[in-house]
Amino acid sequence: MIIDCHCHAGKGDGLTGPWDTSAPLHDYLRRAAAAGINRTVLFSAFHSNYAVANQEVARIVSSRPGRFFGFAFVHPVRDRGRVLKLVKIAVEQYGFVGIKVHRHDGLISREICAVARAFALPVLYDVGGEVSVCELLAQEYPDVNFIIPHLGSFADDWRAQLALIDHLVRHPNIYTDTAGVRRFDLLDQAVKRAGPGKILFGSDGPWLHPGVELAKIRALRLAHAQENLILAGNFLNLISSVRRGAARYRPLIVRTQLTGAYCT
């Protein structure tokens, strides 16, 4: 099995670029099938209302439940105070298995981390190159698994990507994905230093070609068992303990190191 753990789907409601306009899957699915990719994790494009966007992704996931997984996209600022409600709907009604957060929207909050903990969900958090937050996440939420995509920087910031490798090595709950990583030697170094158990295959489809992104994993020339971890095993392990009902949720009202602002 090959699982692409990073793909957008549905319509955004902006017009600044593909990332907030539209993420059509027709060409992606054809390319993924040709590459032998069996399943894909979907989450929305950028949107001003992630409740609406998640609902659209849910319709796509439910149309082919054996083909897609879903992640709930949440906004750290606009969704403050309703993250639990959004994620509860996504998990219990839509069958989603993770949370997506992007630094472009805002810094990750304790509220999001606490909700992830309650449902035992992995959090895919695009840090936008600000990888130092991984130190705080690992210390404050050691029982929440965080996937930091693009090896820490879609902008090809090699300093951030190199720094993330250290976090992968030191922190058991920090993972990364391979989507859009252009500096192959850094990807190779991440696998050698942190081990294949900390890396997930992702394409950042539909805008990047899944077959091209998959070729990078093949180029690592790993043993079959190690390659299988990256292509599917690690992701399946991360979602194996997802709770369909939340454990006791304990919101905090503190001045948090993660955001520098008061939050619940």
Side-chain angles (χ1 to χ4, degrees), residues 1-9 19 23 28-29 31-43 68-69 71 97-98 100-103 122-131 134 145-169 171-239:
M1 182 182 293
I2 302 176
I3 300 172
D4 179 352
C5 79
H6 190 135
C7 184
H8 299 265
W19 46 86
Y28 167 86
L29 288 172
R31 294 163 179 166
I37 296 169
N38 310 99
R39 304 195 69 177
T40 302
V41 177
L42 300 181
F43 34 81
F68 299 129
F69 299 95
F71 271 32
V97 294
K100 170 67 189 293
V101 191
H102 203 293
R103 177 63 183 85
V123 179
L124 194 151
Y125 177 37
D126 190 331
V127 300
E130 297 176 7
V131 300
C134 294
N145 291 312
F146 298 91
I147 306 165
I148 311 301
H150 315 303
L151 197 58
S153 172
F154 186 74
D156 200 26
D157 181 348
W158 70 268
R159 295 175 181 85
Q161 292 176 327
L162 187 63
L164 182 68
I165 295 174
D166 181 60
H167 292 291
L168 295 175
V169 172
H171 301 307
N173 64 327
I174 303 295
Y175 296 78
T176 192
D177 78 27
T178 62
V181 177
R182 289 171 283 280
R183 295 185 182 275
F184 181 79
D185 286 341
L186 283 177
L187 182 60
D188 184 54
Q189 184 181 154
V191 174
K192 289 177 178 176
R193 290 184 57 199
K198 301 301 290 293
I199 318 292
L200 287 75
F201 163 61
S203 74
D204 209 359
W207 306 306
L208 300 188
H209 194 301
V212 174
E213 295 300 302
L214 181 60
K216 295 186 297 190
I217 309 302
R218 304 296 194 197
L220 291 168
R221 299 186 180 277
L222 299 172
H224 185 65
Q226 295 178 321
E227 184 176 272
N228 282 346
L229 285 175
I230 295 174
L231 295 181
N234 293 331
F235 175 75
L236 293 175
N237 287 337
L238 289 177
I239 66 169

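Worth saying up front: this structure is predicted, and the values here are computed from it rather than measured.
Arg31 contributes atom CZ, which lies 11.0 Å from atom OH of Tyr28 (distance to the nearest 0.5 angstrom). For the atom pair CZ (Phe154) and CG (Leu208), the distance works out to 5.0 Å, reported to the nearest 0.5 Å. The CG atom of Asn173 sits 10.0 Å away from the CG atom of Leu238 when rounded to the nearest 0.5 Å. Put simply, CG on Leu124 and CZ on Phe235 are 9.5 Å apart, with the number rounded to the nearest 0.5 Å. For the atom pair CG (Leu200) and CD1 (Ile3), the distance works out to 9.0 Å, reported to the nearest 0.5 Å. To the nearest 0.5 Å, atom NZ of residue Lys100 and atom OH of residue Tyr125 are 11.5 Å apart.
The shortest side-chain heavy-atom distance between Leu151 and Thr178 does not fall under the 4.5 Å cut-off. Leu29 is listed as a side-chain neighbour of Phe68, based on a closest heavy-atom distance under 4.5 Å. Between Phe71 and Pro122 the shortest side-chain heavy-atom distance falls below 4.5 Å. The shortest distance between side-chain heavy atoms of Phe184 and Leu220 falls below 4.5 Å. Under the 4.5 Å side-chain criterion, counting only non-hydrogen atoms from C-beta, Ile217 is not in contact with Ile199. Using a 4.5 Å cut-off on side-chain heavy atoms (C-beta onward), Leu231 and Leu214 make contact.
Side-chain atoms of Asp4 never come within 3.5 Å of backbone atoms of Thr40 as a donor-acceptor pair (strictly under, hydrogens ignored). In terms of modelled atom types and a separation under 3.5 Å, the side chain of Glu227 and the main chain of Arg221 share no donor-acceptor contact. Proximity of a side-chain donor or acceptor of Asn234 to a complementary backbone N or O of Pro196 within less than 3.5 Å is detected. Judged purely by atom type and a 3.5 angstrom limit, Thr176 uses its side chain to pair as donor or acceptor with the backbone of Ile148. In this structure, the side chain of Asp177 engages the main chain of His150 through a donor-acceptor pair within 3.5 Å. With hydrogens and angles disregarded, a donor-acceptor distance shorter than 3.5 Å links the side chain of Arg182 to the backbone of Gly180. Side-chain atoms of Ser153 do not come within 3.5 Å of backbone N or O of Gly129 as any donor-acceptor pair.
His167 pairs by the ring pair (Phe, Tyr, Trp, His ring centres under 6.0 Å) definition with His171, not counting sequence neighbours. Every residue was checked against the salt bridge (Lys or Arg N to Asp or Glu O under 4.0 Å) condition with Arg193, not counting sequence neighbours, and none meets it.
Of all non-hydrogen atoms in Glu213 and Val181, the two that sit nearest each other are OE1-N, 4.3 Å. Summarising the geometry of Arg218 relative to Ile2, their closest heavy-atom pair is NH2-CD1, 3.5 Å, with the distance given to 0.1 Å. Of all heavy-atom pairs spanning Ala32 and Pro210, the tightest one is N-CG, 3.7 Å. What you find for Leu186 and Ile165 is that their closest heavy atoms are O-CD1, 3.6 Å.
In summary, of the residues considered (Asp157, Leu162, Asp188, Asp156), a side chain to side chain contact (heavy atoms under 4.5 Å, CB included) with Arg183 occurs for Asp156 alone.
In this structure, His6 has its ring center under 6.0 Å from that of Phe43.
For the 3.5 Å distance criterion, the side chains of Asp204 and His8 qualify, holding a donor opposite an acceptor.
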